[in-house]
Amino acid sequence: MKAVTWHGTKDVRVDEVPDPFVQEPTDAVIRVTTTNICGSDLHLYDPLSPFMGKGDVLGHEAMGQVVEVGSQVGDLQVGDRVSIPFQISCGHCWMCRQQLYTQCETTQVRDQGSGAALFGFSKLYGEVPGGQAEYLRVPQAQFTHVKLPEGPPDDRFAYLSDILPTAWQGVEYAQVPEGGTLVVLGLGPVGDFACRIAKHKGYRVIGVDLVPERLMRLRLRGVEVVDLREHEDDLGDAIRAMTDGRGPDSVLDAVGMEAHGSPATTFVQKAAGLLPSAISAPLQKTAGVDRLNALYSAIDIVRRGGTISLSGVYGGAADPIPMITMFDKQIALHMGQANIKRWIPEIMPLLTDEDPLGVDSFATHRLPLSEAPEAYRKFQEKTDGYVKVQLKPEL
Ligand SMILES: NC(=O)c1ccc[n+]([C@@H]2O[C@H](COP(=O)([O-])OP(=O)(O)OC[C@H]3O[C@@H](n4cnc5c(N)ncnc54)[C@H](O)[C@@H]3O)[C@@H](O)[C@H]2O)c1
Ligand SMILES: [Zn+2]
Ligand SMILES: [Zn+2]
């Protein structure tokens with residue numbers, strides 16, 4: 001089959017790889033109909049390169065049709081239309097019973113000290129072949145799927161594997177009080193959906209980014225936006241001026257480890273990326289430093305006694321964090337990968353013809369797999385209006 005594979009820093013290709021097949025009784029194989037590129041893939045494209053292997057199949061946002069099942073997949077059947085959550089979880093261990101599916105004790109990648117295995121997400125998360133491919137093997141398939149109704153187009157459900165539940169959890173974790181204000185840093189796909197969800201829940205929402213068309217998408221939906229390019233040095237003051245001088249109740253960081261405007265903290269990552277990966281992976285894991293500008297902004301912006309929710313992925317082990325300010329401001333911090341299936345029952349009723357979240361028109365690009373290399377580049381550079389890219393193996 002054809003699949004999008006990693007070959008080096010900023011080097012993804014479309015290769016022929018062996019077709020996946022059922023290996024365990026709890027496996028299923030799906031024929032992928034839609035699979036998206038995510039901001040998380042961009043971390044693998046560059047800073048997390050030391051943890052990648054040549055030929056690794058990328059992708060963790062797949063949906064499609066079941067074509068093969070093992071003998072222990074519960075009520076999952078060949079022909080079912082499904083979305084595949086980006087984390088592989090069993091549904092019956094202690095963590096899964098707490099709905100902490102990203103911590104599944106059956107699939108935890110213990111030799112790396114990581115939580116649940118993830119599709120297409122480096123050695124840190126089990127080096128499981130990903131879903132930017134014609135077919136995907138789904139381990140723990142008895143639980144690692146969301147059944148979808150037939151009828152509506154793929155667009156309706158294409159974001160259930162990751163960014164819609166991620167944005168939902170980000171807003172939940174932000175603990176915005178009734179009638180309160182949420183600032184969303186970063187208006188990529190995750191921050192964009194977070195703004196839409198927060199607005200749907202009746203909060204005041206202020207979005208921040210520096211890419212004109214991303215700001216415009218939300219302005220058109222009635223979200224107040226702040227252009228970071230006009231406030232590189234005074235973002236906190238600008239937002240306090242909009243929020244009674246106090247700051248918002250909550251801030252959601254939907255940027256993560258590659259924030260614009262950070263000083264040269266990427267030195268370790270860059271240096272590690274140039275070393276042979278056997279040496280650089282341990283080095284990066286103990287010495288990695290994120291580009292922390294968005295987190296610093298969040299700490300500055302949030303009001304005293306407020307909450308910061310981190311959806312953006314961080315991976316450093318030696319990040320300098322201003323504990324003095326966080327302690328003094330009495331900030332609550334809640335973070336992590338999204339526990340996808342936990343939020344599906346709340347999101348599903350919004351995926352109707354009325355389309356209150358605007359999922360049907362959310363994608364900016366629908367491309368064949370063969371165009372993945374160019375799509376990765378443009379999505380990373382944020383050029384040509386790239387916000388959310390769907391890859392369609394059938395095109
Ligand atoms: N927690 C999870 O389960 C989960 C799931 C999916 C994605 N993520 C993470 O969420 C983050 C966003 O993902 P995305 O798909 O929206 O990607 P993205 O990279 O397209 O979005 C990031 C946005 O942040 C903006 N930005 C950069 N620096 C900024 C700054 N200092 N202040 C404000 N905005 C800034 C960029 O212009 C961009 O629009 C990534 O870190 C990704 O890994 C987490
Ligand atoms: Zn994703
Ligand atoms: Zn489990």
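Ligands are counted one by one from 1 in listed order, and the atoms in each one are counted from 1 as well. Keep in mind that this is a model prediction, so the values were computed, not measured.
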Please determine whether residues Val251 and Leu210 belong to a single hydrophobic cluster, defined as Ile, Leu, Val, Met, Phe, Trp and Tyr linked transitively by side-chain heavy-atom distances below 4.5 Å. yes
Check: Are the charged groups of Arg229 and Asp227 less than 4.0 angstrom apart, N to O?
Finding: yes
Quiz prompt | Salt-bridge contact Asp56-Lys123 (side-chain N to carboxylate O under 4.0 Å) | solution = no
protein heavy-atom neighbour closest to atom 2 (C) of ligand 1 works out as Gln337 OE1, 3.3 Å
Ionic contact status for Glu374 with Lys378, cut-off 4.0 Å: yes
When distances are taken from atom 5 (C) of ligand 1, the protein heavy atom at minimum range is Asp162 OD1, 3.0 Å
Restricting to heavy atoms, the pick from Ala254, Ser309, Gly39 nearest atom 22 (C) of ligand 1 would be Ala254
re atom 14 (P) of ligand 1, the protein heavy-atom contact at minimum distance is Pro189 CD, 3.6 Å
Under 4.0 Å between heavy atoms, the region of Gln169 that gets near ligand 1 turns out to be neither
When you measure from the centre of the six-membered ring of Phe143, is the NZ or CZ of Lys341 under 6.0 Å away and within 45° of the axis? yes
For the Zn ion (ligand 3), angle spanned by Cys104 SG and Cys96 SG (nearest 10°) is 110°
The atoms of ligand 1 lying under 4.0 Å from a heavy atom of Ala338, numbered in the order shown, are 1 (N), 2 (C), 3 (O)
